[in-house]
Amino acid sequence: IENMGESIDAVLQPVIARNTIKRGTKRFLKLGDKEIIYNDDFMLVLQTKLSNPHYPPEIQAECTVINFTVTEQGLEEQLLFLVVKLERPDLARTKSELIQQQNEFKV
């Protein structure tokens with residue numbers, strides 16, 4: 001689905017959450033008032049042009065969010081980290097530990 005906004009239609013929630021019903025050997029997905037055969041190879045890709053979208057926590061918990069935005073500053077930080085990692089692995093390790101701690105403190 002292309003050009004998503006910050007809201008996702010409630011009809012897509014069972015698809016995102018993969019709420020399937022098993023009947024015999026087949027799995028079904030309830031979409032609206034219809035039941036559709038679910039294929040394990042199915043993949044839903046939601047694309048947005050928003051630079052920093054904010055989706056509800058339940059959506060973010062069920063999805064993998066990938067930011068394809070490339071900025072000059074972001075590239076500089078990545079290159080600097082690679083240089084520091086080669087020249088001062090102790091500092092790179094400390095930075096990685098601090099980032100991990102910071103991510104653990106987020107709610």
Side-chain angles (χ1 to χ4, degrees):
I1 300 175
E2 295 182 6
N3 297 324
M4 293 287 298
E6 285 199 354
S7 63
I8 295 178
D9 195 349
V11 174
L12 292 176
Q13 184 58 35
V15 178
I16 293 171
R18 296 177 196 94
N19 292 336
T20 58
I21 304 163
K22 189 168 184 176
R23 290 206 180 113
T25 59
K26 295 184 181 182
R27 289 173 40 184
F28 293 85
L29 183 71
K30 189 163 184 165
L31 195 60
D33 60 345
K34 295 182 181 181
E35 289 187 357
I36 302 168
I37 296 175
Y38 180 77
N39 186 330
D40 288 329
D41 296 329
F42 175 76
M43 184 184 302
L44 176 66
V45 178
L46 305 172
Q47 180 267 335
T48 182
K49 291 186 178 182
L50 300 173
S51 60
N52 192 15
H54 296 282
Y55 294 110
E58 59 271 8
I59 297 296
Q60 293 209 11
E62 297 287 340
C63 299
T64 301
V65 179
I66 303 172
N67 186 348
F68 288 104
T69 306
V70 177
T71 63
E72 187 175 338
Q73 180 184 1
L75 289 174
E76 285 177 7
E77 288 177 8
Q78 290 178 28
L79 289 173
L80 179 61
F81 181 75
L82 290 174
V83 170
V84 170
K85 188 175 174 182
L86 286 173
E87 294 185 7
R88 294 283 310 271
D90 58 318
L91 285 177
R93 195 169 28 266
T94 303
K95 179 183 179 187
S96 295
E97 290 170 0
L98 289 172
I99 290 172
Q100 185 176 2
Q101 285 178 358
Q102 182 180 9
N103 289 338
E104 290 173 359
F105 293 138
K106 290 185 180 179
V107 175

Minimum heavy-atom distance between S96 and F81, given as atom pair plus value: OG-CZ, 3.8 Å
Under the salt bridge (Lys or Arg N to Asp or Glu O under 4.0 Å) test, residues paired with R93 that sit two or more places apart: none
Pairwise salt bridge (charged side-chain N to carboxylate O under 4.0 Å, His left out) hits with a residue in residues 26-45, at least two apart: R23-E35, R27-D40
Side-chain heavy-atom pair F28, I37 within 4.5 angstrom cut-off: yes
Which residues share a salt bridge (Lys or Arg N to Asp or Glu O under 4.0 Å) with R18, sequence neighbours left out: none
Over all atoms of both residues, closest heavy-atom pair of E6 and P53: OE2-CA, 3.7 Å
Stepwise side-chain contact (heavy atoms from CB on, under 4.5 Å) test for V15 and F42: CA-CA 10 Å; V15 178; F42 175 76; 3.7 Å; yes
For P14 against L29, the heavy-atom pair lying closest together: O-CD1, 3.4 Å
With sequence neighbours excluded, residues passing side chain to side chain contact (heavy atoms under 4.5 Å, CB included) with L98: T94, Q101
Considering all heavy atoms, the nearest L50-M4 contact: CD1-O, 4.2 Å
Cluster check Y55, V45: I/L/V/M/F/W/Y, side chain < 4.5 angstrom: no
Contacts of type side chain to side chain contact (heavy atoms under 4.5 Å, CB included), residue D9, not counting sequence neighbours: V11
By side chain to side chain contact (heavy atoms under 4.5 Å, CB included) - contacts of L12 (at least two apart): I1, I8, I16
Cluster check I36, Y38: I/L/V/M/F/W/Y, side chain < 4.5 angstrom: yes
Other residues, nucleotides, ligands: >12 heavy atoms within 6.0 Å of Q47 CD: yes
Which atom of A17 lies closest to which atom of E62, heavy atoms considered: CA-OE1, 3.7 Å
Within one Ile-Leu-Val-Met-Phe-Trp-Tyr cluster: L86 and L79, side-chain cutoff 4.5 Å: no
Verify same cluster id: I66, L46 (apolar side-chain graph, 4.5 Å): no
Approximate separation, where rounding is to 0.5 Å, of N19 CG and L31 CG: 11.5 Å
Beyond-backbone contact of R88 with V83, side-chain heavy atoms, under 4.5 angstrom: no
